[in-house]
Every structure is written in C-alpha cells, then in structure tokens.
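Notes follow once the structure below has been shown.
Sequence positions, counted from 1, serve as the residue numbers for this chain.
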Amino acid sequence: MSNSVNKLRSALVTGGSRGIGAAICRRLAQQGFAVVVNYARSADAAESVVADIRAAGGVAAAVQGDVGRREDRQRLTAAALEKFGRLDVLVNNAGITSVGRRDILEATEESWDAVFDTNLKGPFFLSQIAAKEMIRLIRAGLVPEGHIINVSSVSAFAVSTNRGDYCISKSAVRMMTQLFAQRLAEEKIFVHEVCPGVIESDMTAPVKEKYDRLIAEGRWPIRRWGRPEDVASAVGAIVSGAFSFSTGNCFLVDGGFHIRTL
C-alpha cells in the first residue's frame, strides 16, 4: 500500500459489481475515493467495474464476499483496511428480491431466510463491524468522519404481496438507519438511507413490461425509469459533506412515487 493511496478516502460498496452498486462505485471513484468493489458471485463483472475506474484514473479493488455470511463480513472490512489503510464510507447496497416472487400465502421460510440474511442481517452486522473500525480511525485522527449509507427501496412502504419478505426487510432498514444514526452521531459517523424507486437493473428486468405500463400511466410524476446513476448521485452528494448537519435521513430517489395524490 503506497502513501498516496493511504491518503485517499476509502469506500466499501457491497453488491458493487453491477446495477446500482456499480454506478455507486464509479461515482465515488470520480469523487476521489479508493473503492472496494464487493461481489458475491460475479467476479468478471466486478473486475470490469474496477477496470473502468482504473482506466479513468481512479483506485479500486474487487473483493469477494457474501454479506449474509459472518466470516465474509469480517473479511470485507479487513480487506478495505489492508488495501487502502482506512475506511471512510460503507455503502450497504447488496440485496436480493423475494425468491420466486411467491404470494405471501405461499411464501417459504427458505426465501425469508435468504432475503433477510442479505438485505437486513448482513447490513446490520457489517455496519457494526465497520462502525467500530471507523471509531478507532477517527479517535486516532486518521480519518475526520465516517459515513454509512443503506440502500433500501420504495418497497419499504409500497406493498407487493408477492414479495412480502423483501418488503419487510427493506422496511426494517429504515429503523436500522435511525438506530445507527442515533448511536454513531457522537462518534462523527453519519448514517443515511437512500431509497430508490423503480430503477433499470437486473432485479427489475423480469417485470419490465409491468413498469413500462405504470410509467406510461403516470404512476410517478417523473415519467421515466430511474437509472443507477440517479441513486449514485444521491450517495455522492451525501458523502461530499453537503449535509453536514444531517443524519438519519431517508433520501427518496423515486421520481416522486411517494407523493400521494387524489
């Protein structure tokens, strides 16, 4: 690890190999962060993101790890510190949708466990590990402050009866955000939630026709698909210091979907 790299702020982005995560990785690299691009299975996709960042003059490394596994969470945090000497930002982006998209009367415990391990348990305990390291670094004067950003979904408040486990897991992320925000503010670690609407991604590809129709019908005021870069822009703004007197916020990136109308 060179001294020049050590001076760069460092960010760990889970699920960084594609979609929203990849866009966040590229955005943070553009803002001068050394980025750990986490992936669970898509090694080639993660290396492609790293190659793009390096080609643009940035610093990045791909690190495998399943956030749902305890040993992988420990290893991810350790890898960020080993490669870049510090950890300034954690973005809990990795997530999966309901397995099989079953009606709640047919939902399985196996799907529940898989969804909650990735979408809630993983981010909670990874945040715990990362926060402890950030506290150590801040108290030692090695980093000025920390940021934890949880990527949730409008499914936290919009019901989909064929994705009950997904909706409940994302709803719980909001309380998780507020809990960590309350606990960590005195340590100069700021915690926020970014809540995307319907975003073009692998997750939404199977239901593209449905969302095309909803867009045409004006279900949300800004009549287009959201892009991964829209979410990345919100993350970039948060870590830029633009909200220095804020913590525990939910930043909606949903085209106005949350607005109730008559």
Side-chain angles (χ1 to χ4, degrees), residues 11 13-31 35 37-53 55-56 58 60 62 67 91-101 115 118-119 123 149-163 165-167 169-171 173-174 192-239 250-259:
V13 181
T14 67
S17 64
R18 57 182 135 184
I20 291 172
I24 292 171
C25 289
R26 294 186 178 99
R27 178 60 179 252
L28 293 180
Q30 290 171 3
Q31 292 182 210
V35 182
V37 181
N38 161 246
Y39 68 96
R41 289 171 294 276
S42 305
D44 290 345
E47 291 294 350
S48 178
V49 174
V50 170
D52 288 346
I53 290 172
V67 298
V91 181
N92 286 308
N93 167 76
I96 62 172
T97 192
S98 184
V99 181
R101 294 177 181 260
V115 170
T118 300
N119 293 6
I149 299 172
N150 302 313
V151 179
S152 65
S153 168
V154 292
S155 291
F157 57 83
V159 169
S160 295
T161 57
N162 65 336
R163 296 185 300 141
D165 42 15
Y166 180 79
C167 293
S169 71
K170 291 300 187 180
S171 179
V173 167
R174 181 154 301 174
H192 294 289
E193 172 191 358
V194 172
C195 184
V198 176
I199 307 295
E200 287 183 300
S201 68
D202 294 346
M203 189 179 293
T204 55
V207 285
K208 183 178 185 301
E209 184 176 336
K210 169 188 173 180
Y211 289 132
D212 283 341
R213 185 184 73 254
L214 293 178
I215 292 168
E217 293 172 353
R219 182 63 64 90
W220 43 93
I222 302 176
R223 294 193 182 194
R224 67 167 174 85
W225 280 82
R227 296 183 289 265
E229 292 75 17
D230 295 321
V231 184
S233 293
V235 173
I238 293 168
V239 302
C250 174
F251 292 85
L252 289 154
V253 187
D254 66 352
F257 173 82
H258 64 280
I259 301 171

* Structure fact -> For Ala62 and Val50 the tightest heavy-atom approach is N-CG2, 3.6 Å
* Asked: Which value, rounded to the nearest 0.5 Å, describes the distance between Cys25 atom SG and Tyr39 atom OH?
  -> 13.0 Å
* Taking all non-hydrogen atoms of both residues into account, name the closest pair between Gly197 and Val154 and its distance. => CA-CG1, 3.7 Å
* Using a 4.5 Å cut-off on heavy atoms from C-beta on, say whether the side chain of Val173 contacts that of Asn92. => no
* Asked: Is there side-chain contact between Trp220 and Ile215, with heavy atoms separated by less than 4.5 Å?
  -> yes
* **Audit row: Val49, Arg26, side-chain contact (heavy atoms from CB on, under 4.5 Å) steps and yes/no** => CA-CA 7 Å; Val49 174; Arg26 294 186 178 99; 3.9 Å; yes
* Could you walk me through whether Val91 and Leu28 pass the side-chain contact (heavy atoms from CB on, under 4.5 Å) check? -> CA-CA 10 Å; Val91 181; Leu28 293 180; 4.3 Å; yes
* Strictly by modelled atom types, are Gln31 and Arg27 linked by a side-chain donor-acceptor pair under 3.5 Å? -> yes
* Is the backbone of Ala216 close enough, under 3.5 Å, to the side chain of Arg223 for a donor and an acceptor to pair up by distance? -> yes
* Please report the shortest heavy-atom distance between Ala234 and Val194, naming the atom on each side. => CB-CG1, 4.3 Å
* **Inter-residue atom distance Glu209.CD - Leu214.CG, 0.5 Å rounding** => 11.0 Å
* **Heavy-atom pair with the smallest gap, counting every atom of Ala94 and Gly15** => CB-N, 3.7 Å
* Asked: Is the number of heavy atoms from other residues, nucleotides or ligands under 6.0 Å of Arg41 CZ greater than 12?
  -> no
* Asked: Without hydrogens or angle criteria, can the side chains of Asn38 and Thr14 be said to hold a donor-acceptor pair below 3.5 Å?
  -> no
* Check whether any side-chain N or O of Lys170 sits under 3.5 Å from a backbone N or O of Val151 as a donor-acceptor pair, and report yes or no. => yes
* Considering non-hydrogen atoms only, spot the tightest contact between Ile259 and Pro221 and give its length. => CD1-CG, 4.2 Å
* At what distance, to the nearest 0.5 angstrom, does CD1 of Ile20 lie from CD1 of Ile199? -> 5.0 Å
* Is the number of heavy atoms from other residues, nucleotides or ligands within 6.0 Å of CZ (Arg174) greater than 12? -> yes
* Structure fact -> To the nearest 0.5 Å, atom SG of Cys195 lies from atom CG of Asn150 at 11.5 Å
* To do: Decide yes or no on side-chain contact (heavy atoms from CB on, under 4.5 Å) for Ile96 and Tyr166, but give the supporting numbers first.
  => CA-CA 8 Å; Ile96 62 172; Tyr166 180 79; over 6 Å; no
* To do: Quick one: pull up CG in Asn119 and SG in Cys167 and give me the separation to the nearest 0.5 Å.
  => 10.5 Å
* Asp44 side, atom CG; Arg18 side, atom CZ - distance, nearest 0.5 Å -> 11.0 Å
* To do: Answer yes or no: is there a donor N or O on one side and an acceptor on the other, between the side chain of Ser233 and the main chain of Glu229, under 3.5 Å?
  => yes
* Do other residues, nucleotides or ligands put more than 12 heavy atoms under 6.0 Å from Glu217 CD? -> yes
* Asked: Would you say the ring centroid of Phe251 lies under 6.0 angstrom from that of His192?
  -> yes
* May I ask you to decide if Asp165's main-chain N or O and Ser98's side chain share a donor-acceptor pair within less than 3.5 Å? => no
* Structure fact -> Nearest heavy-atom approach of Val37 to Ser17 is CG1-N, 4.1 Å
